[in-house]
Visitor: 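A single structure is presented below for examination.
Because the structure is a prediction, the values reported are computed rather than measured.
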Amino acid sequence: MVSYIFILIAVLCFALQFVFTKIYEDTVGKSINISLIMLVITSMVGTAIFFIAGGFKVEFSQISLIWGIALAVIMIPYYIIGIKVISLGSLAVYSMFMMLGGMLVPFFYGILFLNEKISIGKLSGTVLIALFIIFQAFGQSDKSVEKEDKKTKIIFFALCLVVFFINGMTGVIAKAHSISKGAVSETDFTVIYCFLTASLSIIFLIFNCIKNSKKKLSEIRKVFNIKPVLTLTILGGAAYGGNFFLLLAANKVPASVQFPLVSGGVIVLSALFSAFLFKENLSKKEWLSVLGAFLSTFLFAF
């Protein structure tokens, strides 16, 4: 029972991650620098959370360092694209693509490279997700919508697909690391890749500020006010706090049950936050997509 409470807390944390990302973007705008600063601060929060959880010590290994670098490298475009996506369309749809990618891409990795078995439930869930994506791409739209709005929707959908695959690859890398010989614990690995992510982001931020430094430095100063920094701190706490609670539940709840519960819960909760907190007018098509995505995640438990 306690483990399922931990899962519910993790679901709330992950949904709040989307909420505070949206608040951050509404507060300071969107740019590469804005995204890199977000990545630096949230990664530092993640480093602190798991360093404390690991008893203030960290184990290292060569293979874990290599996988940590790989994960840190893909996190940078992931966060940059994420800020852009949220500014173009629905938070609910963005969160759906992100969560479904995090579930479906590692699933295919397991089937193709780890000889994992496919069940009828997982196959049905995969088909339903494919139909959901097609529905999002080619579903009927209002003919009165202006060309500029249609162009924005196309860009939004294309970037959602990119987020789908990138977030899926984070799961693939985490899985590949966990089965690697000589790999450290998941707690230690989180400290390693969070620290590497923050370090790489700082390097990219410095290089990006070298050209037209005056304008970009003024942009950075805008972030270092109380509200944006507090928002990012809570965002990092929600993102990595959710991961921590999932670790607490991992020994008691099978992964085949845990991940569909988390994905489905976050999809629904994000849609509710989108509609009632940010007053986004979700269309019938988008609500149907939420329902379809929710059902598809639970099929993966069978």
Visitor: Side-chain heavy atoms under 4.5 angstrom apart, residues restricted to Ile, Leu, Val, Met, Phe, Trp, Tyr: same cluster for M169 and F108?
Guide: yes
Visitor: In terms of hydrophobic clustering (I, L, V, M, F, W, Y; side-chain heavy atoms under 4.5 Å; direct or indirect links), are I267 and L8 co-clustered?
Guide: no
Visitor: Do N167 side-chain atoms and M98 backbone N/O form a donor-acceptor pair below 3.5 Å?
Guide: yes
Visitor: C194 and Y240: which non-hydrogen atoms are nearest, and at how many Å?
Guide: SG-CE2, 3.3 Å
Visitor: Strictly under 6.0 Å, is that where the ring centroids of Y94 and F18 end up?
Guide: yes
Visitor: Is there a side-chain contact between L235 and I41 in this structure, where contact means two heavy atoms from C-beta onward sitting under 4.5 Å apart?
Guide: no
Visitor: Report yes if the distance between the aromatic ring centroids of F189 and Y193 is under 6.0 Å, otherwise no.
Guide: yes
Visitor: State whether the number of non-hydrogen atoms from other residues, nucleotides or ligands found under 6.0 Å of L112 atom CG is greater than 12.
Guide: yes
Visitor: Check whether any side-chain heavy atom of I179 sits under 4.5 Å from a side-chain heavy atom of L114, and report yes or no.
Guide: yes
Visitor: Considering residues, nucleotides and ligands other than I32, do more than 12 of their heavy atoms fall under 6.0 Å from its CD1?
Guide: no
Visitor: How far does CD1 of I173 sit from CE of M75, to the nearest 0.5 angstrom?
Guide: 10.0 Å
Visitor: If you take all heavy atoms of L36 and S201, which pair is closest and at what distance?
Guide: O-CB, 4.0 Å
Visitor: Quickly, which of V172, I66, V184 forms a side chain to side chain contact (heavy atoms under 4.5 Å, CB included) with H177? Name it, please.
Guide: V184
Visitor: Side-chain heavy atoms nearer than 4.5 Å, only ILVMFWY residues, links allowed to pass through others: does that put F156 and I154 together?
Guide: no
Visitor: Assess the residue pair L39 and I76 against the criterion (side-chain contact (heavy atoms from CB on, under 4.5 Å)); give the C-alpha distance rounded to whole Å, side-chain angles, the decisive distance to 0.1 Å, and a yes or no.
Guide: CA-CA 7 Å; L39 194 49; I76 293 173; 3.7 Å; yes
Visitor: For L104, is there any backbone N or O sitting under 3.5 Å from a side-chain donor or acceptor partner on Y109?
Guide: no
Visitor: Does F276 share a hydrophobic cluster with L269, counting links as ILVMFWY side-chain heavy atoms below 4.5 Å and allowing steps through other members?
Guide: yes
Visitor: Nearest 0.5 Å, please: how far is OG in S274 from NZ in K279?
Guide: 11.5 Å
Visitor: Which heavy-atom pair separates L100 from S296 by the least distance, and what is that distance?
Guide: CD2-OG, 3.9 Å
Visitor: Over all heavy atoms of both residues, which pair between G29 and I34 is shortest? Give the atoms and the distance, please.
Guide: O-CG2, 3.5 Å
Visitor: Return the CZ to SG distance between F6 and C13, rounded to the nearest 0.5 Å.
Guide: 12.0 Å
Visitor: Identify the heavy atoms of G242 and F14 that sit nearest to each other, and give their distance.
Guide: C-CZ, 3.5 Å
Visitor: Using modelled atom types and a 3.5 Å cut-off, is there a donor and acceptor pairing between side-chain atoms of S64 and backbone atoms of F60?
Guide: no
Visitor: Are T187 and F244 side-chain neighbours, meaning at least one heavy-atom pair lies under 4.5 Å?
Guide: no
Visitor: Heavy atoms, side chains only, cut-off 4.5 Å: are F97 and V163 in contact?
Guide: no
Visitor: In terms of heavy-atom contacts, does NZ of K222 have more than 12 from other residues, nucleotides or ligands at under 6.0 Å?
Guide: yes
Visitor: Quick check for you: to the nearest 0.5 Å, what is the distance between L71 atom CG and T197 atom OG1?
Guide: 6.0 Å
Visitor: Starting at CZ of F50, measure out to CD1 of I52 and round the result to the nearest 0.5 Å.
Guide: 11.0 Å
Visitor: Ignoring hydrogens and angles, tell me if any N or O in the side chain of T297 forms a donor-acceptor pair with the backbone of F294 under 3.5 Å.
Guide: yes
Visitor: Any side-chain heavy atom of I192 within less than 4.5 Å of one from W67?
Guide: no
Visitor: Tell me, do K22 and Q17 make a side-chain contact under 4.5 Å, heavy atoms counted?
Guide: no
Visitor: Just verifying a value: how many Å separate I80 CD1 and I83 CD1, rounded to the nearest 0.5 Å?
Guide: 10.0 Å
Visitor: Between the main-chain N or O of D188 and the side-chain N or O of E59, is there a donor-acceptor pair closer than 3.5 Å?
Guide: no
Visitor: Do I226 and V45 belong to the same hydrophobic cluster, where Ile, Leu, Val, Met, Phe, Trp and Tyr are linked whenever their side-chain heavy atoms lie under 4.5 Å apart, directly or via other members?
Guide: no
Visitor: Mind checking whether K175 and P106 have side chains closer than 4.5 Å, heavy atoms only?
Guide: no
Visitor: Less than 4.5 Å apart, side chain to side chain, heavy atoms only: is that true for S199 and F195?
Guide: yes
Visitor: In terms of ring plane angle, is the pair F56 and F51 parallel, tilted or perpendicular, where the classes change at 30° and 60°?
Guide: perpendicular
Visitor: Could you check L16, T231, V28 and say which one makes a side chain to side chain contact (heavy atoms under 4.5 Å, CB included) with I23?
Guide: T231
Visitor: When you look at CD of E186, are more than 12 heavy atoms from neighbouring residues, nucleotides or ligands closer to it than 6.0 Å?
Guide: no
Visitor: Does the pair M38 and T42 meet the rule for a side-chain contact (heavy atoms from CB on, under 4.5 Å), with working shown?
Guide: CA-CA 6 Å; M38 178 172 70; T42 55; 4.3 Å; yes
Visitor: Of all heavy-atom pairs between F245 and A10, which one has the smallest distance, and what is that distance?
Guide: CB-CB, 4.2 Å
Visitor: Applying side-chain contact (heavy atoms from CB on, under 4.5 Å), run through F157 and V93 and close with a yes or a no.
Guide: CA-CA 9 Å; F157 176 74; V93 175; over 6 Å; no
